[in-house]
Amino acid sequence: MTELNERLSAGPAGAVLANTGAGSREVLTWARIGRRLQPLFVPAVILIGWELAVRSGAVPSGLLSSPAGIATGLWFWAFGTAGSGMNAYSGTLIANIFNSGERVAEGYALAICLGVPGGLMIGFNRGFARTLDPLIQAMRPIPITAWMPVSLTLFGVGAASAISLIALGAFYPIVVNSVMGARDINRQLVRAALMMGATPRQIMLRVIVPSALPAIFVGLRLGAGVAWTAVVIAEMVAVKSGLGYVLWDAYYIGRMEIVLGDMAVIGLLGFLSDRLILAVERRVLHWKNDNSR
Amino acid sequence: MPRVETVDSELERKIDLRKLTKIYGGDRPVAAVSDINLQLAEGRFAAILGPSGCGKSTLLNLVAGFESASHGSVTVFGKPVVAPGPERAVVFQEANLFPWLNVFDNVTFSARLKGAPRQHYQPLAEELLAAVGLTGFERHMPDQLSGGMRQRVGIARALLMRPEVLLMDEPFGALDAQTRLQMQQLLLDVWEKYRKTVMFITHDIDEAIFLADVVYVMSARPGRITTELQVPLPRPRTMSVVTSGTFNQLRVEIFESIGQHRQ
(Lines give C-alpha, C1' and ligand atoms only; values in the text may rest on other atoms or scores of the structure.)
Protein backbone atom coordinates (compact mmCIF):
# COMPACT_ATOMS: atom_id res chain seq x y z
CA MET A 1 0.00 0.00 0.00
CA THR A 2 2.74 2.44 0.93
CA GLU A 3 4.61 1.35 -2.16
CA LEU A 4 1.59 2.21 -4.24
CA ASN A 5 1.27 5.61 -2.60
CA GLU A 6 4.90 6.33 -3.22
CA ARG A 7 4.56 5.40 -6.81
CA LEU A 8 1.47 7.56 -7.19
CA SER A 9 3.11 10.61 -5.67
CA ALA A 10 6.30 10.13 -7.65
CA GLY A 11 5.63 12.05 -10.87
CA PRO A 12 3.69 15.24 -11.54
CA ALA A 13 0.59 13.14 -12.14
CA GLY A 14 1.04 11.71 -8.66
CA ALA A 15 1.13 15.19 -7.20
CA VAL A 16 -2.21 15.89 -8.82
CA LEU A 17 -3.73 12.64 -7.57
CA ALA A 18 -2.49 13.36 -4.04
CA ASN A 19 -4.80 16.40 -3.91
CA THR A 20 -8.34 15.50 -2.99
CA GLY A 21 -11.72 17.08 -3.63
CA ALA A 22 -12.73 19.70 -6.16
CA GLY A 23 -9.26 21.20 -6.41
CA SER A 24 -7.72 18.07 -7.94
CA ARG A 25 -10.31 17.88 -10.66
CA GLU A 26 -9.59 21.47 -11.61
CA VAL A 27 -5.85 20.82 -11.74
CA LEU A 28 -6.44 17.78 -13.93
CA THR A 29 -8.56 19.81 -16.31
CA TRP A 30 -5.95 22.55 -16.55
CA ALA A 31 -3.27 19.97 -17.16
CA ARG A 32 -5.32 18.55 -19.98
CA ILE A 33 -5.95 21.95 -21.53
CA GLY A 34 -2.25 22.66 -21.24
CA ARG A 35 -1.42 19.51 -23.17
CA ARG A 36 -3.94 20.43 -25.84
CA LEU A 37 -2.40 23.88 -26.27
CA GLN A 38 1.18 22.64 -26.24
CA PRO A 39 1.52 22.41 -30.05
CA LEU A 40 0.49 26.07 -30.34
CA PHE A 41 3.15 27.32 -27.92
CA VAL A 42 6.14 27.57 -30.27
CA PRO A 43 4.15 29.09 -33.17
CA ALA A 44 2.69 31.66 -30.78
CA VAL A 45 6.13 32.67 -29.52
CA ILE A 46 7.38 33.01 -33.10
CA LEU A 47 4.37 35.08 -34.18
CA ILE A 48 4.59 37.40 -31.17
CA GLY A 49 8.34 37.80 -31.58
CA TRP A 50 7.89 38.44 -35.29
CA GLU A 51 5.15 41.01 -34.70
CA LEU A 52 7.28 42.83 -32.09
CA ALA A 53 10.37 42.72 -34.32
CA VAL A 54 8.52 44.40 -37.19
CA ARG A 55 6.72 46.95 -34.97
CA SER A 56 9.86 47.98 -33.17
CA GLY A 57 11.54 48.59 -36.50
CA ALA A 58 14.22 45.95 -35.93
CA VAL A 59 13.06 44.40 -39.20
CA PRO A 60 11.99 46.92 -41.87
CA SER A 61 8.29 46.37 -42.73
CA GLY A 62 9.10 46.69 -46.42
CA LEU A 63 11.25 43.57 -46.11
CA LEU A 64 8.91 41.45 -44.03
CA SER A 65 5.27 42.12 -43.18
CA SER A 66 4.13 41.62 -39.62
CA PRO A 67 1.60 38.85 -38.86
CA ALA A 68 -1.04 41.51 -38.29
CA GLY A 69 -0.14 43.10 -41.62
CA ILE A 70 -0.48 39.73 -43.36
CA ALA A 71 -3.86 39.16 -41.72
CA THR A 72 -5.07 42.58 -42.88
CA GLY A 73 -3.72 41.92 -46.36
CA LEU A 74 -5.50 38.57 -46.49
CA TRP A 75 -8.71 40.17 -45.29
CA PHE A 76 -8.78 42.74 -48.10
CA TRP A 77 -7.57 40.18 -50.62
CA ALA A 78 -10.51 37.98 -49.66
CA PHE A 79 -13.30 40.45 -48.86
CA GLY A 80 -12.27 43.82 -50.30
CA THR A 81 -14.24 45.32 -53.17
CA ALA A 82 -12.66 44.27 -56.42
CA GLY A 83 -10.99 47.04 -58.38
CA SER A 84 -11.28 49.59 -55.56
CA GLY A 85 -8.56 52.07 -54.70
CA MET A 86 -4.91 51.24 -54.97
CA ASN A 87 -5.21 47.55 -54.04
CA ALA A 88 -4.98 45.52 -57.26
CA TYR A 89 -5.63 42.26 -55.39
CA SER A 90 -8.69 43.44 -53.51
CA GLY A 91 -11.45 40.83 -53.49
CA THR A 92 -9.69 38.39 -55.83
CA LEU A 93 -8.60 35.66 -53.38
CA ILE A 94 -11.62 33.41 -53.83
CA ALA A 95 -11.38 33.61 -57.63
CA ASN A 96 -7.67 32.75 -57.48
CA ILE A 97 -8.33 29.83 -55.13
CA PHE A 98 -10.87 28.51 -57.63
CA ASN A 99 -8.47 29.00 -60.54
CA SER A 100 -5.69 27.07 -58.86
CA GLY A 101 -8.04 24.54 -57.28
CA GLU A 102 -9.62 23.74 -60.63
CA ARG A 103 -6.23 23.16 -62.26
CA VAL A 104 -5.10 20.96 -59.40
CA ALA A 105 -8.35 18.99 -59.55
CA GLU A 106 -8.11 18.47 -63.31
CA GLY A 107 -4.43 17.58 -63.38
CA TYR A 108 -4.80 15.33 -60.36
CA ALA A 109 -7.83 13.57 -61.83
CA LEU A 110 -5.87 12.97 -65.02
CA ALA A 111 -2.96 11.58 -62.99
CA ILE A 112 -5.31 9.19 -61.15
CA CYS A 113 -7.01 8.03 -64.35
CA LEU A 114 -3.66 7.15 -65.91
CA GLY A 115 -1.63 6.26 -62.82
CA VAL A 116 -3.92 3.88 -60.96
CA PRO A 117 -5.00 1.57 -63.81
CA GLY A 118 -1.57 1.80 -65.42
CA GLY A 119 0.19 1.00 -62.15
CA LEU A 120 -2.09 -1.93 -61.41
CA MET A 121 -1.49 -3.43 -64.85
CA ILE A 122 2.28 -2.98 -64.57
CA GLY A 123 2.29 -4.42 -61.06
CA PHE A 124 0.28 -7.50 -61.93
CA ASN A 125 1.21 -8.27 -65.53
CA ARG A 126 4.82 -9.06 -66.37
CA GLY A 127 4.34 -8.06 -70.01
CA PHE A 128 3.15 -4.59 -69.05
CA ALA A 129 5.98 -4.38 -66.51
CA ARG A 130 8.59 -5.15 -69.17
CA THR A 131 7.19 -2.65 -71.69
CA LEU A 132 6.26 0.28 -69.45
CA ASP A 133 8.14 0.13 -66.17
CA PRO A 134 11.63 0.93 -67.55
CA LEU A 135 10.22 3.92 -69.44
CA ILE A 136 8.55 5.30 -66.32
CA GLN A 137 11.65 4.73 -64.21
CA ALA A 138 13.80 6.50 -66.82
CA MET A 139 11.48 9.53 -67.03
CA ARG A 140 10.84 9.86 -63.31
CA PRO A 141 14.13 11.56 -62.35
CA ILE A 142 13.37 14.46 -64.71
CA PRO A 143 11.85 17.09 -62.41
CA ILE A 144 8.55 18.61 -63.51
CA THR A 145 10.21 22.05 -63.46
CA ALA A 146 12.44 20.85 -66.29
CA TRP A 147 9.35 20.02 -68.32
CA MET A 148 8.17 23.62 -68.22
CA PRO A 149 9.59 24.73 -71.60
CA VAL A 150 8.24 21.59 -73.25
CA SER A 151 4.76 22.06 -71.85
CA LEU A 152 4.77 25.75 -72.85
CA THR A 153 5.84 24.79 -76.37
CA LEU A 154 3.18 22.11 -76.60
CA PHE A 155 0.27 23.88 -74.90
CA GLY A 156 1.20 27.58 -74.91
CA VAL A 157 0.61 30.01 -72.06
CA GLY A 158 -2.59 28.93 -70.36
CA ALA A 159 -4.33 26.45 -68.13
CA ALA A 160 -3.50 23.42 -70.29
CA SER A 161 0.21 23.92 -69.65
CA ALA A 162 -0.33 24.02 -65.89
CA ILE A 163 -2.68 21.03 -65.92
CA SER A 164 -0.21 18.93 -67.92
CA LEU A 165 2.57 19.69 -65.42
CA ILE A 166 0.33 18.90 -62.43
CA ALA A 167 -0.81 15.66 -64.05
CA LEU A 168 2.76 14.62 -64.81
CA GLY A 169 4.02 15.49 -61.32
CA ALA A 170 1.20 13.68 -59.52
CA PHE A 171 1.35 10.73 -61.92
CA TYR A 172 4.72 9.40 -60.71
CA PRO A 173 3.95 8.81 -57.01
CA ILE A 174 0.51 7.46 -57.92
CA VAL A 175 1.77 5.02 -60.55
CA VAL A 176 4.76 3.87 -58.52
CA ASN A 177 2.66 3.12 -55.45
CA SER A 178 -0.05 1.44 -57.52
CA VAL A 179 2.63 -0.79 -59.06
CA MET A 180 3.86 -1.75 -55.59
CA GLY A 181 0.31 -2.36 -54.38
CA ALA A 182 -0.45 -4.74 -57.23
CA ARG A 183 2.96 -6.40 -57.14
CA ASP A 184 2.88 -7.15 -53.42
CA ILE A 185 -0.54 -8.76 -53.34
CA ASN A 186 -0.94 -12.16 -51.77
CA ARG A 187 -0.96 -14.53 -54.76
CA GLN A 188 -2.83 -17.09 -52.67
CA LEU A 189 -5.81 -14.71 -52.62
CA VAL A 190 -5.72 -14.73 -56.42
CA ARG A 191 -5.73 -18.54 -56.32
CA ALA A 192 -8.68 -18.48 -53.93
CA ALA A 193 -10.60 -16.27 -56.36
CA LEU A 194 -9.57 -18.44 -59.34
CA MET A 195 -10.82 -21.62 -57.69
CA MET A 196 -14.12 -19.86 -57.03
CA GLY A 197 -14.43 -19.21 -60.77
CA ALA A 198 -13.36 -15.56 -61.02
CA THR A 199 -12.67 -14.19 -64.50
CA PRO A 200 -9.50 -12.11 -65.14
CA ARG A 201 -11.62 -8.97 -64.95
CA GLN A 202 -13.12 -10.05 -61.63
CA ILE A 203 -9.65 -10.88 -60.30
CA MET A 204 -8.58 -7.33 -61.15
CA LEU A 205 -11.62 -5.56 -59.71
CA ARG A 206 -12.40 -7.76 -56.71
CA VAL A 207 -8.98 -8.95 -55.59
CA ILE A 208 -6.14 -6.83 -56.94
CA VAL A 209 -7.81 -3.43 -56.58
CA PRO A 210 -8.91 -3.92 -52.96
CA SER A 211 -5.56 -5.51 -52.07
CA ALA A 212 -3.66 -2.61 -53.60
CA LEU A 213 -5.85 0.16 -52.18
CA PRO A 214 -3.72 0.87 -49.09
CA ALA A 215 -0.68 1.42 -51.33
CA ILE A 216 -2.74 3.36 -53.86
CA PHE A 217 -3.83 5.77 -51.13
CA VAL A 218 -0.21 6.36 -50.16
CA GLY A 219 0.37 7.38 -53.77
CA LEU A 220 -2.74 9.56 -53.84
CA ARG A 221 -1.60 11.52 -50.78
CA LEU A 222 1.94 11.99 -52.13
CA GLY A 223 0.50 12.91 -55.53
CA ALA A 224 -1.73 15.62 -54.05
CA GLY A 225 1.31 17.21 -52.42
CA VAL A 226 3.15 17.25 -55.75
CA ALA A 227 0.05 18.64 -57.47
CA TRP A 228 0.05 21.76 -55.24
CA THR A 229 3.77 22.23 -55.78
CA ALA A 230 3.26 21.92 -59.53
CA VAL A 231 0.37 24.36 -59.70
CA VAL A 232 2.40 27.10 -57.95
CA ILE A 233 5.37 26.65 -60.27
CA ALA A 234 3.21 26.41 -63.39
CA GLU A 235 1.21 29.52 -62.54
CA MET A 236 4.37 31.52 -61.88
CA VAL A 237 5.43 30.93 -65.47
CA ALA A 238 2.72 29.52 -67.66
CA VAL A 239 -0.57 31.15 -66.59
CA LYS A 240 -1.73 34.66 -65.70
CA SER A 241 -4.02 33.77 -62.83
CA GLY A 242 -4.15 31.64 -59.71
CA LEU A 243 -2.30 31.60 -56.38
CA GLY A 244 1.10 30.91 -57.95
CA TYR A 245 0.71 33.82 -60.36
CA VAL A 246 -0.30 36.16 -57.53
CA LEU A 247 2.62 34.95 -55.44
CA TRP A 248 5.15 35.94 -58.08
CA ASP A 249 3.31 39.10 -59.13
CA ALA A 250 3.06 40.36 -55.54
CA TYR A 251 6.73 39.65 -55.02
CA TYR A 252 7.60 41.75 -58.08
CA ILE A 253 5.66 44.79 -56.89
CA GLY A 254 6.87 44.38 -53.32
CA ARG A 255 3.60 43.34 -51.68
CA MET A 256 5.15 41.01 -49.10
CA GLU A 257 1.95 40.73 -47.04
CA ILE A 258 0.23 39.21 -50.10
CA VAL A 259 3.18 36.89 -50.77
CA LEU A 260 3.13 35.57 -47.21
CA GLY A 261 -0.66 35.44 -47.04
CA ASP A 262 -0.66 33.55 -50.36
CA MET A 263 1.81 31.02 -48.91
CA ALA A 264 -0.47 30.51 -45.93
CA VAL A 265 -3.47 29.93 -48.21
CA ILE A 266 -1.56 27.41 -50.36
CA GLY A 267 -0.44 25.59 -47.22
CA LEU A 268 -4.00 25.51 -45.90
CA LEU A 269 -5.37 24.18 -49.21
CA GLY A 270 -2.70 21.47 -49.30
CA PHE A 271 -3.53 20.52 -45.74
CA LEU A 272 -7.28 20.42 -46.44
CA SER A 273 -6.88 18.31 -49.59
CA ASP A 274 -4.72 15.85 -47.63
CA ARG A 275 -7.39 15.65 -44.90
CA LEU A 276 -10.01 15.06 -47.57
CA ILE A 277 -8.05 12.15 -49.07
CA LEU A 278 -7.45 10.78 -45.58
CA ALA A 279 -11.18 10.92 -44.83
CA VAL A 280 -11.96 9.05 -48.06
CA GLU A 281 -9.23 6.51 -47.23
CA ARG A 282 -10.71 5.88 -43.77
CA ARG A 283 -14.09 5.18 -45.30
CA VAL A 284 -12.80 2.97 -48.12
CA LEU A 285 -10.30 1.06 -45.96
CA HIS A 286 -12.59 0.64 -42.95
CA TRP A 287 -11.53 -3.03 -42.77
CA LYS A 288 -7.98 -1.89 -42.02
CA ASN A 289 -8.90 0.75 -39.44
CA ASP A 290 -11.12 -1.66 -37.50
CA ASN A 291 -8.08 -3.70 -36.78
CA SER A 292 -5.71 -1.00 -35.64
CA ARG A 293 -8.24 0.71 -33.40
CA MET B 1 -30.10 -46.93 -73.28
CA PRO B 2 -30.27 -44.23 -70.56
CA ARG B 3 -29.27 -46.97 -68.11
CA VAL B 4 -25.94 -47.44 -69.81
CA GLU B 5 -25.33 -43.70 -69.69
CA THR B 6 -25.87 -43.72 -65.93
CA VAL B 7 -23.37 -46.50 -65.50
CA ASP B 8 -20.87 -44.64 -67.67
CA SER B 9 -21.13 -41.43 -65.74
CA GLU B 10 -20.97 -43.26 -62.44
CA LEU B 11 -17.71 -44.85 -63.53
CA GLU B 12 -16.34 -41.43 -64.29
CA ARG B 13 -17.38 -39.82 -61.03
CA LYS B 14 -14.00 -39.97 -59.37
CA ILE B 15 -10.66 -38.24 -59.04
CA ASP B 16 -8.41 -40.06 -61.48
CA LEU B 17 -4.65 -39.44 -61.47
CA ARG B 18 -2.61 -41.39 -64.02
CA LYS B 19 1.18 -41.48 -64.07
CA LEU B 20 1.09 -37.94 -62.74
CA THR B 21 4.52 -36.30 -62.65
CA LYS B 22 5.52 -32.73 -61.95
CA ILE B 23 9.06 -31.65 -62.68
CA TYR B 24 10.27 -28.18 -61.75
CA GLY B 25 12.61 -26.95 -64.45
CA GLY B 26 15.89 -25.15 -64.33
CA ASP B 27 19.40 -26.46 -64.81
CA ARG B 28 18.81 -29.30 -62.40
CA PRO B 29 15.23 -30.44 -62.87
CA VAL B 30 13.60 -31.73 -59.69
CA ALA B 31 10.62 -34.07 -59.69
CA ALA B 32 8.23 -32.82 -57.00
CA VAL B 33 5.84 -35.68 -57.58
CA SER B 34 6.52 -38.71 -59.69
CA ASP B 35 4.35 -41.36 -61.30
CA ILE B 36 1.30 -40.90 -59.07
CA ASN B 37 -1.62 -43.23 -59.78
CA LEU B 38 -4.68 -42.66 -57.68
CA GLN B 39 -8.40 -43.32 -58.14
CA LEU B 40 -10.74 -41.84 -55.59
CA ALA B 41 -14.44 -42.61 -56.01
CA GLU B 42 -17.21 -40.11 -55.35
CA GLY B 43 -18.04 -39.56 -51.71
CA ARG B 44 -14.77 -40.99 -50.42
CA PHE B 45 -12.46 -39.20 -48.02
CA ALA B 46 -8.77 -39.63 -48.83
CA ALA B 47 -5.86 -38.40 -46.76
CA ILE B 48 -2.50 -37.82 -48.45
CA LEU B 49 0.06 -38.27 -45.71
CA GLY B 50 3.70 -37.30 -46.00
CA PRO B 51 6.60 -35.37 -44.54
CA SER B 52 7.09 -31.73 -45.46
CA GLY B 53 8.72 -31.32 -48.86
CA CYS B 54 7.38 -34.61 -50.20
CA GLY B 55 5.32 -32.88 -52.87
CA LYS B 56 1.91 -33.48 -51.33
CA SER B 57 0.91 -29.85 -51.74
CA THR B 58 2.13 -29.96 -55.34
CA LEU B 59 -0.15 -32.96 -55.84
CA LEU B 60 -3.10 -30.95 -54.53
CA ASN B 61 -2.16 -27.94 -56.67
CA LEU B 62 -2.18 -30.19 -59.73
CA VAL B 63 -5.68 -31.41 -58.96
CA ALA B 64 -6.82 -27.87 -58.17
CA GLY B 65 -5.41 -26.71 -61.52
CA PHE B 66 -3.06 -24.13 -59.98
CA GLU B 67 -0.15 -25.97 -61.60
CA SER B 68 -0.01 -28.12 -64.71
CA ALA B 69 1.42 -31.61 -64.96
CA SER B 70 4.72 -32.36 -66.68
CA HIS B 71 3.56 -35.88 -67.56
CA GLY B 72 0.44 -37.89 -66.95
CA SER B 73 -3.13 -36.77 -66.48
CA VAL B 74 -5.53 -35.40 -63.89
CA THR B 75 -9.20 -36.14 -64.53
CA VAL B 76 -11.92 -35.09 -62.12
CA PHE B 77 -15.42 -36.46 -62.66
CA GLY B 78 -14.65 -37.19 -66.30
CA LYS B 79 -13.15 -33.79 -67.13
CA PRO B 80 -9.43 -33.29 -67.63
CA VAL B 81 -8.11 -30.57 -65.34
CA VAL B 82 -6.56 -27.62 -67.19
CA ALA B 83 -7.27 -24.68 -64.87
CA PRO B 84 -8.76 -23.92 -61.45
CA GLY B 85 -12.54 -24.16 -61.37
CA PRO B 86 -15.44 -23.98 -58.94
CA GLU B 87 -16.19 -27.72 -59.21
CA ARG B 88 -12.93 -28.26 -57.28
CA ALA B 89 -13.11 -26.22 -54.09
CA VAL B 90 -9.90 -25.64 -52.16
CA VAL B 91 -9.47 -25.08 -48.44
CA PHE B 92 -6.05 -23.50 -48.04
CA GLN B 93 -3.39 -23.89 -45.37
CA GLU B 94 -3.82 -20.28 -44.36
CA ALA B 95 -7.53 -19.65 -44.77
CA ASN B 96 -6.87 -17.03 -47.50
CA LEU B 97 -10.02 -15.09 -46.79
CA PHE B 98 -10.36 -11.64 -48.34
CA PRO B 99 -9.53 -9.31 -45.44
CA TRP B 100 -11.76 -6.52 -46.81
CA LEU B 101 -14.89 -8.71 -46.80
CA ASN B 102 -16.85 -9.80 -43.75
CA VAL B 103 -17.55 -13.46 -43.01
CA PHE B 104 -20.83 -13.59 -44.92
CA ASP B 105 -19.36 -11.88 -48.00
CA ASN B 106 -16.34 -14.20 -47.92
CA VAL B 107 -18.55 -17.29 -47.73
CA THR B 108 -20.80 -16.10 -50.57
CA PHE B 109 -18.01 -14.71 -52.79
CA SER B 110 -18.32 -17.49 -55.41
CA ALA B 111 -22.08 -16.98 -55.76
CA ARG B 112 -21.69 -13.23 -56.07
CA LEU B 113 -19.04 -13.69 -58.79
CA LYS B 114 -21.74 -15.38 -60.84
CA GLY B 115 -24.10 -12.50 -60.14
CA ALA B 116 -26.57 -14.77 -58.36
CA PRO B 117 -29.38 -12.95 -56.55
CA ARG B 118 -29.06 -12.94 -52.77
CA GLN B 119 -32.11 -15.15 -52.18
CA HIS B 120 -30.40 -17.93 -54.16
CA TYR B 121 -27.38 -18.26 -51.90
CA GLN B 122 -28.48 -16.82 -48.57
CA PRO B 123 -30.28 -19.97 -47.27
CA LEU B 124 -27.30 -22.23 -48.05
CA ALA B 125 -24.87 -19.67 -46.62
CA GLU B 126 -26.82 -19.53 -43.37
CA GLU B 127 -27.05 -23.32 -43.26
CA LEU B 128 -23.30 -23.71 -43.79
CA LEU B 129 -22.41 -21.01 -41.28
CA ALA B 130 -24.58 -22.86 -38.76
CA ALA B 131 -22.91 -26.17 -39.68
CA VAL B 132 -19.44 -24.74 -38.96
CA GLY B 133 -20.68 -22.99 -35.82
CA LEU B 134 -20.34 -19.41 -37.03
CA THR B 135 -23.95 -18.21 -36.78
CA GLY B 136 -23.83 -14.69 -35.39
CA PHE B 137 -20.38 -13.96 -36.85
CA GLU B 138 -21.66 -13.00 -40.33
CA ARG B 139 -20.57 -9.39 -40.04
CA HIS B 140 -17.19 -10.02 -38.40
CA MET B 141 -14.07 -9.20 -40.39
CA PRO B 142 -11.43 -11.96 -40.87
CA ASP B 143 -8.92 -10.06 -38.70
CA GLN B 144 -11.33 -10.32 -35.79
CA LEU B 145 -11.45 -14.13 -35.97
CA SER B 146 -9.16 -16.77 -34.51
CA GLY B 147 -7.23 -19.11 -36.81
CA GLY B 148 -9.72 -21.92 -36.25
CA MET B 149 -12.67 -19.67 -37.00
CA ARG B 150 -11.02 -18.46 -40.20
CA GLN B 151 -10.64 -22.06 -41.35
CA ARG B 152 -14.32 -22.69 -40.58
CA VAL B 153 -15.14 -19.75 -42.88
CA GLY B 154 -12.85 -21.36 -45.47
CA ILE B 155 -14.75 -24.65 -45.21
CA ALA B 156 -18.15 -22.93 -45.49
CA ARG B 157 -16.88 -20.90 -48.46
CA ALA B 158 -15.75 -24.08 -50.21
CA LEU B 159 -19.02 -25.92 -49.61
CA LEU B 160 -21.13 -22.99 -50.79
CA MET B 161 -19.69 -23.60 -54.26
CA ARG B 162 -21.46 -27.00 -54.26
CA PRO B 163 -18.21 -28.50 -55.57
CA GLU B 164 -17.72 -32.00 -56.89
CA VAL B 165 -14.60 -32.42 -54.80
CA LEU B 166 -13.09 -30.70 -51.79
CA LEU B 167 -9.33 -30.24 -51.80
CA MET B 168 -7.87 -29.47 -48.38
CA ASP B 169 -4.22 -28.41 -48.11
CA GLU B 170 -3.13 -29.00 -44.49
CA PRO B 171 -5.98 -26.77 -43.34
CA PHE B 172 -5.37 -27.41 -39.65
CA GLY B 173 -1.57 -27.46 -39.79
CA ALA B 174 -1.16 -23.96 -38.38
CA LEU B 175 -3.61 -24.43 -35.48
CA ASP B 176 -2.76 -25.29 -31.90
CA ALA B 177 -3.26 -28.93 -30.87
CA GLN B 178 -6.55 -28.44 -29.05
CA THR B 179 -8.14 -26.32 -31.77
CA ARG B 180 -6.93 -28.85 -34.33
CA LEU B 181 -8.80 -31.67 -32.57
CA GLN B 182 -11.96 -29.55 -32.45
CA MET B 183 -11.63 -28.73 -36.13
CA GLN B 184 -11.12 -32.38 -37.08
CA GLN B 185 -14.31 -33.33 -35.29
CA LEU B 186 -16.14 -30.38 -36.84
CA LEU B 187 -14.92 -31.36 -40.32
CA LEU B 188 -16.16 -34.92 -39.82
CA ASP B 189 -19.56 -33.68 -38.63
CA VAL B 190 -19.85 -31.38 -41.64
CA TRP B 191 -18.64 -34.14 -43.98
CA GLU B 192 -21.28 -36.55 -42.65
CA LYS B 193 -23.85 -33.97 -43.70
CA TYR B 194 -22.58 -33.23 -47.21
CA ARG B 195 -20.51 -36.33 -48.09
CA LYS B 196 -18.26 -34.61 -50.61
CA THR B 197 -15.29 -36.36 -52.20
CA VAL B 198 -12.34 -35.09 -50.18
CA MET B 199 -8.61 -35.03 -50.80
CA PHE B 200 -7.01 -33.99 -47.52
CA ILE B 201 -3.29 -33.20 -47.33
CA THR B 202 -1.63 -33.66 -43.95
CA HIS B 203 1.62 -34.57 -42.22
CA ASP B 204 -0.23 -35.72 -39.09
CA ILE B 205 -0.68 -39.51 -38.92
CA ASP B 206 -3.49 -39.43 -36.33
CA GLU B 207 -5.33 -36.78 -38.31
CA ALA B 208 -5.12 -38.87 -41.48
CA ILE B 209 -6.49 -42.01 -39.81
CA PHE B 210 -9.17 -40.21 -37.85
CA LEU B 211 -10.61 -38.40 -40.88
CA ALA B 212 -10.12 -40.61 -43.91
CA ASP B 213 -11.54 -43.72 -45.56
CA VAL B 214 -8.24 -44.30 -47.25
CA VAL B 215 -4.74 -43.04 -46.43
CA TYR B 216 -2.10 -42.60 -49.13
CA VAL B 217 1.39 -42.43 -47.67
CA MET B 218 3.93 -40.44 -49.69
CA SER B 219 7.70 -40.53 -49.61
CA ALA B 220 9.93 -37.59 -50.44
CA ARG B 221 12.17 -36.81 -53.44
CA PRO B 222 10.68 -37.73 -55.72
CA GLY B 223 7.21 -37.65 -54.18
CA ARG B 224 5.64 -41.05 -54.70
CA ILE B 225 2.75 -42.86 -53.14
CA THR B 226 4.32 -45.79 -51.30
CA THR B 227 1.38 -47.22 -49.41
CA GLU B 228 -2.39 -47.22 -49.68
CA LEU B 229 -4.23 -48.09 -46.48
CA GLN B 230 -7.98 -48.58 -46.06
CA VAL B 231 -9.36 -47.26 -42.76
CA PRO B 232 -12.14 -49.61 -41.65
CA LEU B 233 -13.19 -47.49 -38.67
CA PRO B 234 -17.00 -47.13 -38.53
CA ARG B 235 -18.66 -43.78 -39.14
CA PRO B 236 -19.79 -41.44 -37.74
CA ARG B 237 -16.55 -41.20 -35.82
CA THR B 238 -15.82 -39.38 -32.60
CA MET B 239 -12.55 -38.74 -30.82
CA SER B 240 -12.91 -41.95 -28.84
CA VAL B 241 -11.88 -44.05 -31.88
CA VAL B 242 -8.28 -42.94 -31.41
CA THR B 243 -8.03 -45.35 -28.47
CA SER B 244 -9.37 -48.33 -30.43
CA GLY B 245 -7.23 -51.29 -31.44
CA THR B 246 -7.90 -50.77 -35.14
CA PHE B 247 -6.67 -47.20 -34.89
CA ASN B 248 -3.44 -48.25 -33.21
CA GLN B 249 -2.96 -51.08 -35.69
CA LEU B 250 -3.19 -48.56 -38.55
CA ARG B 251 -0.72 -46.26 -36.82
CA VAL B 252 1.77 -49.11 -36.55
CA GLU B 253 1.31 -49.98 -40.24
CA ILE B 254 1.89 -46.38 -41.28
CA PHE B 255 4.96 -46.07 -39.05
CA GLU B 256 6.38 -49.24 -40.56
CA SER B 257 5.67 -48.03 -44.08
CA ILE B 258 7.42 -44.73 -43.38
CA GLY B 259 10.36 -46.55 -41.84
CA GLN B 260 10.76 -48.83 -44.86
CA HIS B 261 10.93 -45.96 -47.31
CA ARG B 262 13.27 -43.72 -45.38
CA GLN B 263 16.74 -43.44 -46.85
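Just so it is clear: chains get the letters A, B, ... in the order the sequence lines come, proteins before strands, and each one is counted from 1.
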Checklist entry - Does any non-hydrogen side-chain atom of B:Leu20 lie less than 4.5 Å from one of B:His71? => result no
Checklist outcome for this item: Highest number of heavy-atom pairs under 4.5 Å with chain B among A:Gln202, A:Arg206, A:Met196, A:Gln188 belongs to A:Met196
Next on the checklist: Quick check on the interface: out of A:Val207, A:Leu213, A:Asn186, who has the most heavy-atom pairs with chain B under 4.5 Å?
Outcome noted: A:Val207
Checklist entry - Which side-chain hydrogen bond (donor to acceptor under 3.5 Å, both in side chains) pairs, counting each pair once, include a residue from residues 125-135 of chain B, with sequence neighbours left out? => result B:Gln122-B:Glu126, B:Glu127-B:Tyr194
Item to check | Proximity breakdown for B:Leu167 and chain A, heavy-atom pairs closer than 4.5 Å | outcome: neither
Item to check | Between B:Asp169 and B:Gln93, a side-chain donor and acceptor under 3.5 Å | outcome: no
Checklist entry - Which residue out of A:Ala192, A:Ala198, A:Gly197 racks up the most heavy-atom pairs below 4.5 Å with chain B? => result A:Ala192
Checklist entry - Should the pair B:Trp191 and B:Phe45 be assigned to parallel (<30°), tilted (30 to 60°) or perpendicular (>60°) ring geometry? => result perpendicular
Item to check | Region of A:Thr199 that comes under 4.5 Å of a non-hydrogen atom in chain B | outcome: neither
Checklist entry - Contact part of B:Asn61 toward chain A, heavy-atom cut-off under 4.5 Å: side chain, backbone, both or neither? => result side chain
Checklist entry - Which bit of B:Phe92 is near chain A, if near means a heavy-atom gap under 4.5 Å: side chain, backbone, both or neither? => result side chain
Next on the checklist: Are the side chains of B:Glu87 and B:Phe77 in contact, using a 4.5 Å heavy-atom criterion?
Outcome noted: no
Checklist entry - Just checking, any donor-acceptor pair under 3.5 angstrom between side chains of B:Thr179 and B:Asp176? => result yes
